[in-house]
Chemist: 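So that we are looking at the same thing, I have put the structure below in structure tokens.
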Amino acid sequence: EELLVESGGGLVQPGGSLKLSCSASGFSFSGSALHWVRQAPGKGLECVGRIRRKGENYATEYGASVKGRFTISRDDSKKTAYLQMNNLILEDTAVYFCAGDFLSGLYMDVWGKGTTVTVSS
Amino acid sequence: DIQMTQSPATLSASVGDRITISCRASQTIGDWLAWYQQKPGTAPRLLISEVSGLESGVPTRFSGRGSGTEFSLAISSLQPDDFATYYCQQLHTYPWTFGPGTKVAV
């Protein structure tokens with residue numbers, strides 16, 4: 001069974017940093033792109049960013065609201081992706097999901113359950 | 001960014017009803033359109049890819065159609081498990097953007 005598990009969420013003050021992890025099991029991690037998607041309380045879904053597979057040089061792309069503050073990386077040997085979040089603001093408060101295109105090669109077909117990040121003073 | 005809109009925002013329905021949710025993109029996205037279902041406290045679930053491709057395990061009462069900028073998701077006979085929020089997503093241009101969601105409620 002394909003499984004993604006996020007960790008690292010918590011309470012952080014504005015201006016602080018946090019690093020989330022997304023660990024995978026049950027499928028080919030290195031051949032897949034990994035996405036981070038967030039959902040603010042009571043709101044819709046927003047793409048934070050993605051990291052492509054090795055064959056695409058691990059290229060990264062980000063949404064405008066986090067560009068320059070967030071960094072996505074991955075360690076295929078550990079089957080883990082990361083989301084480094086710096087200069088956090090109140091509006092970054094959300095559940096952060098990781099998702100991968102493990103089955104389709106493009107669409108977000110496998111999702112983790114999410115980890116909650118709260119930015120508050 | 002490509003903007004996605006959905007209508008209605010909330011849809012009141014009953015078991016057995018046929019419902020349709022509309023999704024519009026701010027520019028043409030070809031067939032790069034997916035639909036997700038999300039229930040409270042859980043992650044989204046991919047239902048449909050490439051406008052009309054049903055994912056494995058998704059009941060055949062779900063169907064998608066459209067092209068260019070206008071798309072729709074239909075449920076032919078609503079079941080109790082279908083009460084949820086539905087999101088469309090464009091995959092034409094990154095960042096892939098989602099519609100604001102349509103809540104299907106009793």
Side-chain angles (χ1 to χ4, degrees), chain A residues 1-6 9 20 22 24 27 32-52 56 59-70 72 83 94-116, chain B residues 1-10 21 23 25-26 29-58 62 64 71 73 84-105:
Chain A
E1 178 190 5
E2 300 88 3
L3 189 64
L4 288 174
V5 179
E6 302 93 338
L20 307 183
C22 171
F27 43 74
S32 303
L34 270 296
H35 301 259
W36 287 95
V37 177
R38 69 183 181 183
Q39 187 168 37
K43 302 298 184 181
L45 302 166
E46 179 189 10
C47 280
V48 172
R50 69 174 172 178
I51 185 164
R52 300 200 192 206
E56 296 172 306
T60 55
E61 294 164 281
Y62 300 92
S65 62
V66 306
K67 198 169 185 179
R69 300 189 297 123
F70 289 12
I72 298 174
L83 177 64
V95 176
Y96 285 73
F97 298 100
C98 66
D101 61 6
F102 303 102
L103 305 176
S104 64
L106 177 63
Y107 292 84
M108 300 176 182
D109 45 42
V110 179
W111 291 67
K113 293 184 177 181
T115 187
T116 300
Chain B
D1 297 359
I2 295 176
Q3 305 302 313
M4 305 298 290
T5 57
Q6 288 181 235
S7 61
T10 303
I21 299 169
C23 173
S26 60
I29 59 171
D31 294 339
W32 301 109
L33 192 283
W35 288 96
Y36 296 84
Q37 176 194 66
Q38 188 181 32
K39 297 180 181 179
T42 70
R45 172 195 179 193
L46 178 65
L47 296 178
I48 289 175
S49 60
E50 207 168 338
V51 178
S52 59
L54 223 56
E55 292 299 298
S56 176
V58 175
F62 289 88
F71 304 89
L73 171 71
T85 300
Y86 294 85
Y87 294 92
C88 61
Q89 180 199 35
Q90 66 82 18
L91 294 90
H92 180 272
T93 304
Y94 205 84
W96 297 345
T97 42
F98 294 88
T102 294
K103 183 177 182 178
V104 177

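Per chain, numbering begins at 1; letters A, B, ... match sequence-line order.
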Chemist: Counting heavy-atom pairs closer than 4.5 Å to chain B, which one of Glu46(A), Met108(A), Arg50(A), Lys113(A) comes out on top?
Modeler: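 Most pairs with chain B among the choices: Arg50(A).
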Chemist: For Lys39(B), does the NZ atom have more than 12 heavy-atom neighbours from other residues, nucleotides or ligands under 6.0 Å away?
Modeler: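 It does: Lys39(B) NZ has more than 12 such atoms within range.
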Chemist: Kindly indicate, with the supporting measurements, whether the criterion side chain to side chain contact (heavy atoms under 4.5 Å, CB included) is fulfilled by Thr85(B) and Lys103(B).
Modeler: CA-CA 4 Å; Thr85(B) 300; Lys103(B) 183 177 182 178; 3.9 Å; yes
Chemist: Of the backbone (N, CA, C, O) and the side chain (C-beta and beyond), which part of Thr42(B) lies under 4.5 Å from a heavy atom of chain A, both, or neither?
Modeler: backbone
Chemist: Less than 4.5 Å apart, any side-chain heavy atom of Val66(A) and any of Trp36(A)?
Modeler: no
Chemist: The test is side chain to side chain contact (heavy atoms under 4.5 Å, CB included); show your working for Gln38(B) and Tyr87(B) and say whether it passes.
Modeler: CA-CA 8 Å; Gln38(B) 188 181 32; Tyr87(B) 294 92; 3.4 Å; yes
Chemist: Where on Leu106(A) is there a heavy atom nearer than 4.5 Å to chain B: the side chain, the backbone, both, or neither?
Modeler: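 Answer is both: backbone and side chain atoms of Leu106(A) are under 4.5 Å from chain B.
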Chemist: So which part of Val95(A) gets closer than 4.5 Å to some heavy atom of chain B, the side chain, the backbone, both or neither?
Modeler: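 Contact with chain B is absent: no heavy atom of Val95(A) under 4.5 Å.
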Chemist: Could you check Phe62(B) against Trp35(B) for side chain to side chain contact (heavy atoms under 4.5 Å, CB included), going step by step and ending with a plain yes or no?
Modeler: CA-CA 10 Å; Phe62(B) 289 88; Trp35(B) 288 96; over 6 Å; no
Chemist: Looking at Pro100(B), Pro44(B), Gly53(B), Pro95(B), which one has more heavy-atom pairs under 4.5 Å with chain A than the rest?
Modeler: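 With the most close heavy-atom pairs to chain A, the winner is Pro44(B).
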Chemist: Taking atom CH2 as the centre, does Trp32(B) end up with more than 12 heavy-atom neighbours from other residues, nucleotides or ligands that are less than 6.0 angstrom away?
Modeler: no
Chemist: Please classify the contact of Pro40(B) with chain A as side chain, backbone, both or neither, using a heavy-atom distance under 4.5 Å.
Modeler: neither
Chemist: Pick whichever of Gly99(B), Gly41(B), Ala43(B) has the most heavy-atom pairs under 4.5 Å with chain A.
Modeler: Ala43(B)
